[in-house]
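Take a look at the structure below.
All residue numbers refer to positions in the sequence shown, counting from 1.
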Amino acid sequence: MARVHGKDTNFSFNGVAIEDELNSVTMDVTVAESEITAFADVYGNYLAGKKGVSFSVSGSLDPSLSGSGDATIFDHIATASGPKTLIFDPDGSGPDTNSPEYTCTSSGLTGALCSNYTINLPVGGTASYSATFQCSGSTTRAVS
């Protein structure tokens, strides 16, 4: 895959594509580590723990749109309806040999939860929102 810019990115949460109003998507994968150094070890030794995957998005706020990110995300928060499926396709062309698509699938207790949602209304500026989604369970990286 050649260098990719974000203009063709696809991002959906709970089956609703919200990428048209987004101006930033960040995927963050962390792996917890535990120190397992013994007294006789010369250097520190570490053991990888379980990974954590989260997504941060930000975009323009237009609360008048029924299918907007604001309506989709806030409905999820207000109804406390459990984890949802989240799909992130960095170049918008779907999974392909050189084009991965990341999916956090909702199943039982796994899926994506909105862990933070912020609306920003600056005086004389553009109304915007940002959200953070925490994934539980497996996040897959599909290529065909």
Side chain to side chain, Ser34 and Tyr46, heavy atoms closer than 4.5 Å: no

Whichever hydrophobic residues join Tyr43 through chains of side-chain contacts under 4.5 Å: Val42

Shortest non-hydrogen contact from Pro90 toward Tyr102: CG-CE1, 4.0 Å

Fellow cluster residues of Phe39, listed by chain then number, with links counted only when side-chain atoms sit under 4.5 Å apart: none

Residues which pass side-chain contact (heavy atoms from CB on, under 4.5 Å) with Asp89, listed by chain and number, not counting sequence neighbours: Asn10, Asp91, Ser99, Glu101

Interatomic spacing from CG in Asp20 to OG in Ser68 - rounded to 0.5 Å: 12.0 Å

Donor-acceptor contact below 3.5 Å, side chain Ser107 vs main chain Thr110: no

Distance, nearest 0.5 Å, that separates OG of Ser128 from CG of Asn120: 4.5 Å

Interatomic spacing from CD in Glu21 to OH in Tyr129 - rounded to 0.5 Å: 3.5 Å

Verdict with supporting geometry, Phe55 and Cys135, side chain to side chain contact (heavy atoms under 4.5 Å, CB included): CA-CA 8 Å; Phe55 293 87; Cys135 296; 3.8 Å; yes

Co-membership, hydrophobic cluster, residues Leu86 and Val29, 4.5 Å side-chain: yes

Residues that Leu113 engages under side-chain contact (heavy atoms from CB on, under 4.5 Å), provided they are two or more places apart: His76, Pro83

Atom pair CE/SG of Met27 and Cys104 - distance to nearest 0.5 Å: 9.5 Å

Verdict with supporting geometry, Asn23 and Ser60, side-chain hydrogen bond (donor to acceptor under 3.5 Å, both in side chains): CA-CA 8 Å; Asn23 55 36; Ser60 301; 4.8 Å; no

Ala127: partners by side-chain contact (heavy atoms from CB on, under 4.5 Å), with sequence neighbours left out: Leu61, Leu121

Nearest-0.5 Å distance that lies between atom CZ in Phe11 and atom CD1 in Ile18: 5.5 Å

Check: Gln134 side chain, Val53 main-chain N or O, donor-acceptor pair, under 3.5 Å: yes

Any donor-acceptor N or O pair under 3.5 Å, side chains Thr118, Asn116: yes

Spacing of CG belonging to Asn14 relative to OG belonging to Ser106, to within rounding of 0.5 Å: 8.0 Å

Within 6.0 Å of OH in Tyr117, more than 12 heavy atoms from elsewhere: yes

Validation row: Val57, Phe13 side chains within 4.5 angstrom (heavy atoms): no

Residues that Ser12 engages under side-chain contact (heavy atoms from CB on, under 4.5 Å), provided they are two or more places apart: Ile87

Distance-only side-chain donor-acceptor flag, Asp62 / Ser64, under 3.5 Å: yes

Ser136 side chain vs Leu109 backbone, donor-acceptor pair below 3.5 Å: yes

Residue pair Thr103 / Thr139, side-chain heavy-atom distance below 4.5 Å: no

Donor-acceptor under 3.5 Å (Asp75 side chain, Thr72 main chain): no

